[in-house]
Structures are given as C-alpha cells and as structure tokens.
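Shown next, in structure tokens, is the structure this report addresses.
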Amino acid sequence: MTHSPAANALHLVSIGRASEALAILRSAGDRGDVDAIMQLAVWHLAGDVVPRDLVQARALLARAVSIGHVDAALMEIALTANGSGGTPDWPGAVSLLRTAARADPVALGQLTLLDAMAIDADGAPTALPMPETLSESPDVIRFPRLLTAAECAHLAGVAAAMLEPARVIDPRTGRWIAHPIRTSDGTAIGPAREDLVVRAINLRIAAASGTDIGQGEPLTVLRYRPGQQYRLHLDTIQGAANQRVATVLVYLNEGYGGGETHFPAGNLTITPRGGDAIVFRTLTRDGAIDQSSRHAGLPVTHGAKWLATRWIRADPVDPWTIS
C-alpha cells in the first residue's frame with residue numbers, strides 16, 4: 001500500500017528518523033502537496049520535531065491556504081488575530097474569516113456568532129453586564145450572562161474533541177498520574193485553536209477582570225460528570241515568579257445537579273448558571289496569596305457540568321511555552 005508523504009513522514013518520526021521525514025515533506029511541499037505543507041506548518045508550531053518557528057509556520061499556512069486547505073485557513077485566522085508569528089491584526093483576521101465563510105460552514109458558523117457580538121474594531125467588548133459583588137473577603141464578583149448560550153456551546157464544542165482526564169506529573173517518579181484534587185476532564189484552547197469567537201471571549205474576560213488579554217493563560221474548558229469535583233484548593237502557583245492574580249470562571253451550562261463553587265472563608269456557595277462569569281482575586285492588595293480565595297468545585301450529582309476557566313497572571317505570558 002502506498003501512503004501519502006505526510007503519513008510516511010509521521011511514521012518516520014515515530015521511529016526516530018525525523019531528518020528523513022522532513023526531507024520527504026519538504027520535497028512533497030515543493031511539488032504542491034498541500035497535506036505535506038500543512039504538516040510542516042504544524043511541526044513548526046508545535047516545536048517538537050523541528051524548533052518552533054511561528055513566522056515560518058505562518059508562511060507555510062499561507063501556502064496551504066492558497067492551495068485550498070480549509071483547516072489551514074482557520075488556523076491562519078486564529079494566528080492573525082492573536083499575533084503569533086507577527087503583529088495582532090483583528091481586522092485582518094475578520095477579513096480572512098469572511099473570505100473563508102464563503103465556502104466553509106465552520107467558518108460561517110464562527111462569523112455568525114461574531115457578527116452577533118457587541119464588539120469594537122479590535123474585537124473588544126463595547127459593554128459588559130453590570131457586576132454584582134458576592135463577597136468582599138474573598139473578593140468575588142459575578143457578571144450575569146457574560147456569555148450567550150450560543151457562545152457557551154461554541155466553547156464546549158471547540159474543547160470537546162480534545163478533552164483528557166486531569167493529570168499531573170508525580171514529582172517522585174516523573175510520571176503522569178491522576179490529578180489528586182481535580183477529577184474532571186479538560187483541555188486548554190491554545191493559540192492555534194483560538195478562533196475569533198474564542199479570541200473575542202478572551203477579550204471580554206480581560207475586560208471583566210480589568211486586565212490585559214496577554215496576562216491570561218490559554219482558556220481552559222473543564223467537564224465534570226457525576227461524582228467528579230475539584231477539591232478545596234488555591235489557584236496560585238507555589239514559587240511562581242509570574243503569579244496568578246485573578247481567576248475568571250464562566251459556567252457554560254446549567255440543569256445538572258451539584259457542581260456549586262464554594263468559598264469556605266466567605267461562607268459563599270455559588271450555584272452555576274449558564275453564561276454567568278465569576279471573577280475573584282487570588283492575591284491580597286500587598287501581593288500575598290489570599291488564603292480566603294481557597295475554593296472548591298463541589299461534586300456533580302447528575303448530568304454534566306461544563307466550565308471555562310481563565311487564570312490571569314501579574315504579567316503577560318507566552319501561550320506557546322506556558323505549562
């Protein structure tokens with residue numbers, strides 16, 4: 001059986017023959033093989049088979065788009081908006097999306113959601129819901145219906161195929177083990193998948209938290225099934241030079257049992273409602289870890305809870321290297 005150059009290259013990488021794989025893809029790309037060009041772009045984004053080179057990846061994606069690769073078009077749009085391998089260009093990204101939407105139903109769906117948003121020429125929100133103070137210690141506020149039902153469904157849809165059980169590295173063995181306090185499934189929506197709907201939502205989250213979008217870690221989407229929970233914890237990272245200063249939780253659905261967010265120090269229990277966002281500070285005004293921000297996601301009793309989380313750092317982060 002004859003395999004495509006991309007398939008052959010992936011096999012060669014799996015057996016430790018990366019240089020041969022690269023030669024095959026480059027040769028096929030020179031002949032106009034769009035799948036080979038796309039695979040090269042992905043490798044330059046990932047930085048594992050070859051060193052990460054966002055500029056080269058963007059150039060390869062542009063080539064793939066010119067030949068007609070739909071996934072390359074969507075990825076190029078995302079990187080254009082968030083500035084990976086260049087300068088952030090929201091108007092340029094929207095223009096690319098409108099072009100892609102003429103032939104791609106996925107792009108059309110994103111454009112429809114985008115056109116329904118109240119945003120400015122750079123994708124930032126023109127208004128926010130009126131915030132409600134839920135607690136002063138811990139410092140917790142709620143933005144009712146920060147996201148629409150359609151926007152919530154979009155986030156869940158983007159994340160669904162990438163969900164994995166929560167894991168951490170065991171410091172004793174260096175191996176991945178089940179997360180000791182979080183039993184959900186989850187994934188982070190990295191910059192290559194940050195479509196314009198996700199980007200606009202991240203801009204809205206930044207506005208709600210009073211921070212710059214560059215301070216946010218990639219948006220994480222979590223799914224909790226019956227019995228799953230996030231036990232009592234702090235969101236800060238021990239010893240981090242660039243500490244988490246705030247957390248934004250967005251409840252993506254409702255109608256399940258349990259799953260409340262509980263802050264013992266404030267005797268505060270929040271019942272999730274789809275589209276609502278909770279913003280709380282994780283540091284005190286003098287920069288110390290705010291112990292009163294310790295919280296838990298209570299066990300789900302029936303149904304499934306979907307939640308989007310964005311952890312906000314004191315300074316900008318590189319979404320390509322953060323772990």
Side-chain angles (χ1 to χ4, degrees), residues 3-30 33-89 93 96 100 106 155 157-169 174-176 185-196 198-199 202 213-214 216-221 310-311 313 316-323:
H3 296 287
S4 69
N8 286 335
L10 289 170
H11 172 69
L12 288 170
V13 166
S14 72
I15 59 176
R17 294 161 61 182
S19 59
E20 294 177 56
L22 281 169
I24 286 175
L25 289 184
R26 287 167 177 160
S27 176
D30 289 342
D33 186 318
V34 69
D35 290 327
I37 296 169
M38 183 63 179
Q39 188 61 61
L40 281 171
V42 169
W43 282 356
H44 279 90
L45 290 173
D48 44 15
V49 178
V50 295
R52 178 175 287 119
D53 186 334
L54 300 180
V55 174
Q56 178 65 11
R58 289 278 296 273
L60 288 163
L61 286 172
R63 282 183 61 199
V65 172
S66 70
I67 301 173
H69 199 289
V70 174
D71 289 343
L74 295 175
M75 196 172 291
E76 181 185 36
I77 291 164
L79 301 182
T80 299
N82 61 42
S84 296
T87 302
D89 181 5
L96 290 173
V106 173
L155 290 183
V158 171
M162 302 185 290
L163 293 175
E164 294 182 345
R167 300 185 301 165
V168 294
I169 293 178
R175 297 179 180 176
W176 287 101
D185 302 310
T187 190
I189 302 176
R193 293 181 178 270
E194 190 188 33
D195 63 48
L196 297 197
V198 178
R199 181 72 176 177
N202 280 334
I213 190 171
E217 297 179 26
L219 190 68
T220 295
V221 176
R310 195 155 213 230
W311 293 290
R313 301 288 186 116
V317 296
D318 180 356
W320 292 97
T321 59
I322 194 170
S323 59

Which heavy atom in [X] sits nearest to a heavy atom in [Y], and how many Å separate them?
X: Ile189; Y: Val198; result: CG2-CG1, 4.2 Å
X: Ala41; Y: Ala57; result: O-CB, 3.7 Å
X: Leu163; Y: Val221; result: CD2-O, 3.9 Å
X: Leu25; Y: Pro5; result: CD2-O, 3.9 Å
X: Ile213; Y: Arg310; result: O-NH1, 3.4 Å
X: Pro218; Y: Gly190; result: CB-CA, 4.3 Å

inquiry  = When you measure from the side chain of Arg58 to the backbone of Ser84, do you find a donor-acceptor pair of N or O atoms at a distance under 3.5 Å?
reply    = yes

Within the side chain of Asn82, is there an N or O that forms a donor-acceptor pair under 3.5 Å with the backbone of Pro191?
yes

Query raised in the report: Between Arg52 and Thr321, does a side chain to side chain contact (heavy atoms under 4.5 Å, CB included) hold up when you go through it step by step?
Result: CA-CA 10 Å; Arg52 178 175 287 119; Thr321 59; 4.1 Å; yes

Please round to the nearest 0.5 Å and tell me the distance separating atom [atom1] of [X] and atom [atom2] of [Y].
X: Leu219; Y: Leu155; atom1: CG; atom2: CG; result: 6.0 Å
X: Thr80; Y: Leu96; atom1: OG1; atom2: CG; result: 5.0 Å
X: His69; Y: Leu74; atom1: NE2; atom2: CG; result: 10.5 Å
X: Gln39; Y: Leu10; atom1: CD; atom2: CG; result: 4.5 Å
X: Glu76; Y: Leu79; atom1: CD; atom2: CG; result: 8.0 Å

Does any part of the side chain of [Y], heavy atoms only, come nearer than 4.5 Å to the side chain of [X], both counted from C-beta?
X: Leu61; Y: Met38; value: yes
X: Val13; Y: Leu22; value: no
X: Val55; Y: His44; value: no
X: Leu196; Y: Ile77; value: yes
X: Arg63; Y: Leu60; value: yes

Under the side chain to side chain contact (heavy atoms under 4.5 Å, CB included) criterion, do Met75 and Leu45 qualify, and how do the steps go?
CA-CA 11 Å; Met75 196 172 291; Leu45 290 173; 3.4 Å; yes

